[in-house]
A.B. asks: 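Please see the structure below; I have some questions.
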Amino acid sequence: MLDLRVIRDDPDRLRASQRARGESIDVVDELLAADEARRSSLAEFERLRGEQKVLSKEIPHASGEEKQALLARAKDLAAAVKAAQAAADDAQVRLDELAMVPSNIVLDGVPAGGEQNYKVLREVGTAPELDKVRDHLELGEGLRAIDTERGAKVSGSRFYFLTGVGAQLELGILNLAMKTAVDAGFTPVITPTLVRPEVMAGTGFLGAHADEIYRLERDDLYLVGTSEVALAGFHANEIVDLDAGPLRYAGWSACYRREAGSHGKDTRGIIRVHQFHKVEMFIYCREEDAIAEHERLLGWEEQMLAAVEVPYRVIDVAAGDLGSSAARKFDCEAWLPSQSRWMEVTSTSNCTTFQARRLGIRERSGAGPRTVATLNGTLGTTRWIVAILENHQRPDGSVAVPTALRPYLGGVEVLEPVVPTRR
RNA sequence: GGAGGCGUCGCCUAGUCCGGUUUAUGGCGCCCGCCUGCUAAGCGGGUUGAGGUUCACCCCUCUCGCGGGUUCAAAUCCCGCCGCCUCCGCCA
């Protein structure tokens, strides 16, 4: 949700943003009209209500015929107040609905256009030179680390078991991510993965991407696709204290995604799955600090990628490919040797005040409470196993363990295949 | 799942039975001022949030967990919901 006062004062900013995203600009004028309708109907209600209150106070002091006359007038007025209130409420509801329509205003510098119009900011590391490339599933099966056949047997397609070193590898990635976050001053949090509708809506996930989300109809709860949802809801309807600096949380949770629109895409292995684990950074800060915090989030992500020694590039995602809440988004994409392409492994969004306004998250400032900014970023997920296995594979199907992960695998330097891999 | 209790402006609290003199009481904390070598104490004032209006000050409306209803008038009466606590049952 956007700040109506900004739209009122500078509607062209929203028009430019909508254009960059490839979204409707008509909504701007509709919004301005609805706002005007709301204000005039509200003024009428308040005028009548004020009159009613004055009259109502005279009644106990009156008596006899005078009182009867006052009562009669008051009764008429009560009906008028009720009607005016209904009109004002309707206008408010219409405005509220419209206000939820536009996506966040993109920041200056964000590339315009769609998914293909991203800008590459940098490439770090070099792709391994491999004569014979095994993909992560072949490697993972050889190591008895990944079992997608039994995953499908038990839960269906896009489910999997991580076994042995596979389970250890996932825990290693997540624990290293948590350690990185805690060392950077984040508060570690284990979050709920089922949330109420208003929290899901508040984070902006029930718009265009509603099909992606699992819903438990009997209980009116949603399964989260990221702990961002719970961490954003954590301070919902609160006035937080940012005097000591931004609030930084690192959430560890399972994540659930329906992958409704991705039939036939990434069907092999564990690149695109219905359930995985993730450590997610989440920041509440002052609006003016958001851009700097965003850079920091990207920095911690790159620190993690460096630690697992995987080549990657950083892209500045184009306006049309941003989520509705994001004003800017940087993705880190790891090199995927088996497909000779880049694969998203982290994503960090600056949501400015968009989420916080919907969720009622404010801070105290000299001029009274004001809405905070929220940001999020990935620090590690199950998918990282894919990038690590493929980039650290060796000709015999074994996989070198990056130094930073060795403590989480009992000090082992190389993961050896349990059965010879076929080729 | 059943029974009971509770929810008031940062925290605590009065008011709710019996609707109007409540612009919601008082204390703590916090902020400003006065006083005082300094500090403390003391004295005076301020201190929920949202919206409207305005250059600004002022003023107005809403806000007593949330949403409805009754009434000229609701913190107060009625209905529904949510959250927390206690006990019982069931499950682990």
Side-chain angles (χ1 to χ4, degrees), chain A residues 1-10 31-100 190-202 215-222 229-230 232-244 247 284 286-287 353-372:
Chain A
M1 189 165 55
L2 299 163
D3 187 347
L4 273 173
R5 271 166 295 204
V6 169
I7 298 172
R8 223 184 278 161
D9 294 345
D10 190 5
L31 215 42
L32 291 171
D35 182 44
E36 177 53 39
R38 164 187 149 269
R39 281 187 292 160
S40 60
S41 63
L42 187 61
E44 175 65 3
F45 159 69
E46 289 185 355
R47 186 184 65 77
L48 289 168
R49 176 65 178 156
E51 205 178 314
Q52 181 190 34
K53 283 179 75 167
V54 171
L55 197 55
S56 195
K57 272 181 190 149
E58 291 171 10
I59 289 174
H61 305 296
S63 59
E65 255 179 56
E66 190 193 357
K67 183 161 191 169
Q68 290 314 309
L70 285 176
L71 278 173
R73 262 182 66 203
K75 195 153 192 165
D76 290 344
L77 200 48
V81 167
K82 200 165 183 173
Q85 176 160 35
D89 287 350
D90 284 351
Q92 181 75 57
V93 168
R94 270 198 301 277
L95 178 64
D96 288 346
E97 285 170 359
L98 266 182
M100 296 298 252
I190 292 174
T191 69
T193 52
L194 286 167
V195 300
R196 298 168 171 281
E198 58 269 27
V199 174
M200 190 56 90
R215 179 173 177 212
L216 283 86
E217 202 157 342
R218 282 184 64 176
D219 302 285
D220 202 16
L221 290 169
Y222 291 90
V229 177
F234 191 64
H235 285 302
N237 299 312
E238 292 182 20
I239 296 178
V240 297
D241 185 356
L242 298 180
D243 284 349
L247 301 176
Y284 298 87
R286 296 192 170 127
E287 190 173 5
T353 58
F354 189 86
Q355 280 183 337
R357 185 165 296 105
R358 291 185 177 204
L359 290 165
I361 307 164
R362 294 163 296 166
E363 56 135 344
R364 276 197 198 287
S365 71
R370 60 171 197 155
T371 304
V372 304

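No experiment lies behind these values; they were computed from the predicted model shown. So that the names make sense, note that chain A is the first sequence line, chain B the second, and so on, each numbered from 1.
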A.B. asks: Using atom P in both nucleotides, what's the gap between B:rG67 and B:rC82 to the nearest angstrom?
C.D. replies: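 My reading of the P atoms in B:rG67 and B:rC82 gives 15 Å.
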A.B. asks: I need the minimum non-hydrogen distance between A:L31 and A:L98, along with the two atoms involved.
C.D. replies: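 Between these two residues, the closest heavy atoms are CD1-CB, 3.4 Å.
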A.B. asks: Within less than 4.0 Å of OP1 or OP2 of B:rA50, is there a side-chain N or O belonging to A:R38?
C.D. replies: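 No, outside the criterion.
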A.B. asks: Considering Watson-Crick and G-U wobble pairs with both distances under 3.5 Å, what does B:rU25 pair with?
C.D. replies: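 Here B:rU25 is not engaged in any pair, so there is no nucleotide opposite it.
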A.B. asks: Under 4.5 Å between any side-chain heavy atoms of A:I361 and A:E238, yes or no?
C.D. replies: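 No, side chains not in contact.
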A.B. asks: Students often get this wrong, so: under 4.0 angstrom with heavy atoms, is A:R8 touching a base, only sugar-phosphate, or nothing?
C.D. replies: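 Counting heavy atoms under 4.0 Å across all strands, the contact made by A:R8 is with sugar-phosphate only.
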A.B. asks: Would you mind reading off the distance between A:R196 atom CZ and B:rC82 atom C1', rounded to a whole angstrom?
C.D. replies: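 Rounding to the nearest Å, CZ of A:R196 and C1' of B:rC82 are 7 Å apart.
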A.B. asks: For the C1' atoms, the ones on B:rU47 and on B:rA40, what distance do you get once it is rounded to whole angstrom?
C.D. replies: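 Between the two C1' atoms, the distance is 23 Å.
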A.B. asks: Now, which nucleotide makes the Watson-Crick or G-U wobble pair with B:rC72, with each of the two distances under 3.5 Å?
C.D. replies: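 By the stated definition (distances under 3.5 Å), B:rG20 pairs with B:rC72.
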A.B. asks: Taking the same atom, P, in B:rG26 and in B:rG15, what whole-Å distance lies between them?
C.D. replies: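 Nearest-Å result for B:rG26 against B:rG15 at atom P: 14 Å.
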A.B. asks: Taking side chain as C-beta onward, heavy atoms only, is A:R358 less than 4.5 Å from A:M100?
C.D. replies: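 In short, these two side chains touch, coming nearer than 4.5 Å.
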A.B. asks: B:rU63 P sits how many Å from A:E46 CD, rounded?
C.D. replies: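 Distance check: A:E46 CD to B:rU63 P gives 12 Å.
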A.B. asks: Grab the CD-P distance between A:E198 and B:rC81 for me, whole Å please.
C.D. replies: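 So the CD-P distance, A:E198 to B:rC81, works out to 17 Å.
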A.B. asks: B:rG10 and B:rC64: how far apart are their C1' atoms, nearest whole angstrom?
C.D. replies: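 Those two atoms are separated by 16 Å.
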A.B. asks: Would you indicate, yes or no, if B:rC72 has its OP1 or OP2 atom less than 4.0 angstrom from a side-chain nitrogen or oxygen of A:K75?
C.D. replies: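 A:K75 to B:rC72 OP1/OP2: side-chain N or O found under 4.0 Å.
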A.B. asks: Without decimals, in angstroms, what is the distance between A:D89 CG and B:rC66 P?
C.D. replies: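 Checked: the CG to P distance equals 16 Å.
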A.B. asks: Does atom NZ of A:K75 have more than 12 heavy-atom neighbours from other groups under 6.0 Å away?
C.D. replies: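 Check fails, neighbour count at 12 or below.
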A.B. asks: Within the 4.0 Å heavy-atom criterion, would you say A:L55 contacts the bases, only the backbone, or no part of the nucleic acid?
C.D. replies: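 Touches nothing.
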A.B. asks: Find the distance A:K57:NZ to B:rA73:P and express it as a whole number of Å.
C.D. replies: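 Distance, rounded to whole Å: 14 Å.
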A.B. asks: Counting only side-chain N and O atoms of A:Q52, is one of them less than 4.0 Å from OP1 or OP2 of B:rC72?
C.D. replies: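 Answer is no, no contact under 4.0 Å.
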A.B. asks: Distance check, C1' atoms only: B:rU53 and B:rC12, in whole angstrom units.
C.D. replies: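 Per the computed distance, 37 Å lies between those C1' atoms.
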A.B. asks: For A:K53 and B:rC62, is the shortest distance between a side-chain N/O and OP1 or OP2 below 4.0 Å?
C.D. replies: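 Checking A:K53 against B:rC62: at least one side-chain N or O falls below 4.0 Å of OP1 or OP2.
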A.B. asks: Is it true that A:R39 and A:D35 make a salt bridge, defined as a side-chain N closer than 4.0 Å to a carboxylate O?
C.D. replies: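 Yes, this pair counts.
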A.B. asks: In whole angstroms, how far is the C1' atom of B:rG52 from the CD atom of A:Q92?
C.D. replies: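 Rounded to whole Å, this separation is 11 Å.
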A.B. asks: Using Watson-Crick or G-U wobble geometry with both distances under 3.5 Å, which nucleotide pairs with B:rC87?
C.D. replies: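 Its partner is B:rG2.
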A.B. asks: Please state whether the phosphate of B:rA73, meaning OP1 or OP2, lies under 4.0 angstrom from any side-chain nitrogen or oxygen of A:R73.
C.D. replies: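 Checking B:rA73 against A:R73, no side-chain N or O comes under 4.0 Å of OP1 or OP2.
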A.B. asks: Taking the side chain of A:P60 as heavy atoms from C-beta outward, which of B:rC82, B:rG20, B:rG49 is closest to it?
C.D. replies: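 The listed nucleotide nearest to A:P60's side chain is B:rG20.
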A.B. asks: B:rC77 and B:rC18: how far apart are their P atoms, nearest whole angstrom?
C.D. replies: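 About 8 Å, rounded to a whole number of Å.
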A.B. asks: To the nearest Å, how far apart are A:Q85 CD and B:rG67 P?
C.D. replies: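 It works out to 11 Å between those atoms.
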A.B. asks: Is there a Watson-Crick or G-U wobble partner for B:rG42 with both distances under 3.5 Å, and if so, which one is it?
C.D. replies: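 Checking every strand shown, B:rG42 finds its partner in B:rC34, with both distances under 3.5 Å.
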A.B. asks: If you find the nucleotide of RNA chain B closest to A:E51 and the one closest to A:L70, which residue's nucleotide is nearer the 5' end?
C.D. replies: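 Here A:E51 is the residue nearer the 5' end.
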A.B. asks: Suppose you measure atom C1' in B:rU76 against the same atom in B:rU86; what distance do you get, rounded to whole Å?
C.D. replies: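 The same atom, C1', in both gives a distance of 27 Å.
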A.B. asks: Return no unless some side-chain N or O of A:R39 is found under 4.0 Å from OP1 or OP2 of B:rU53.
C.D. replies: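 For A:R39, the contact criterion (side-chain N or O under 4.0 Å from OP1 or OP2 of B:rU53) is met.
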A.B. asks: Less than 4.0 angstrom between a side-chain N/O of A:R49 and OP1 or OP2 of B:rG52, yes or no?
C.D. replies: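 Answer is no, no contact under 4.0 Å.
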A.B. asks: For the backbone of A:Y222 and the side chain of A:R215, can you confirm whether one donor and one acceptor N or O come within less than 3.5 Å of each other?
C.D. replies: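 Checking the backbone N and O of A:Y222 against the side chain of A:R215, no donor-acceptor pair under 3.5 Å is found.
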A.B. asks: Give a yes or no on whether a salt bridge exists between A:E44 and A:R47, defined as a side-chain N under 4.0 angstrom from a carboxylate O.
C.D. replies: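 Looking at A:R47 together with A:E44, the answer is yes, because their closest N to O distance falls below 4.0 Å.
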A.B. asks: Is the phosphate of B:rG51, meaning OP1 or OP2, less than 4.0 Å from a side-chain N or O of A:R5?
C.D. replies: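 Affirmative; the distance criterion is met.
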A.B. asks: Using a 4.0 Å heavy-atom cut-off, does A:K82 contact any base of the nucleic acid, only the sugar-phosphate backbone, or nothing at all?
C.D. replies: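 Sugar-phosphate contact only.
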A.B. asks: Within this structure, what is the CG-to-C1' distance between A:D35 and B:rA50, rounded to whole angstrom?
C.D. replies: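 One finds 15 Å between C1' of B:rA50 and CG of A:D35, rounded.
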A.B. asks: With rounding to the closest Å, how many angstrom separate the P atoms on B:rG2 and B:rG80?
C.D. replies: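 These two P atoms come out 14 Å apart once rounded.
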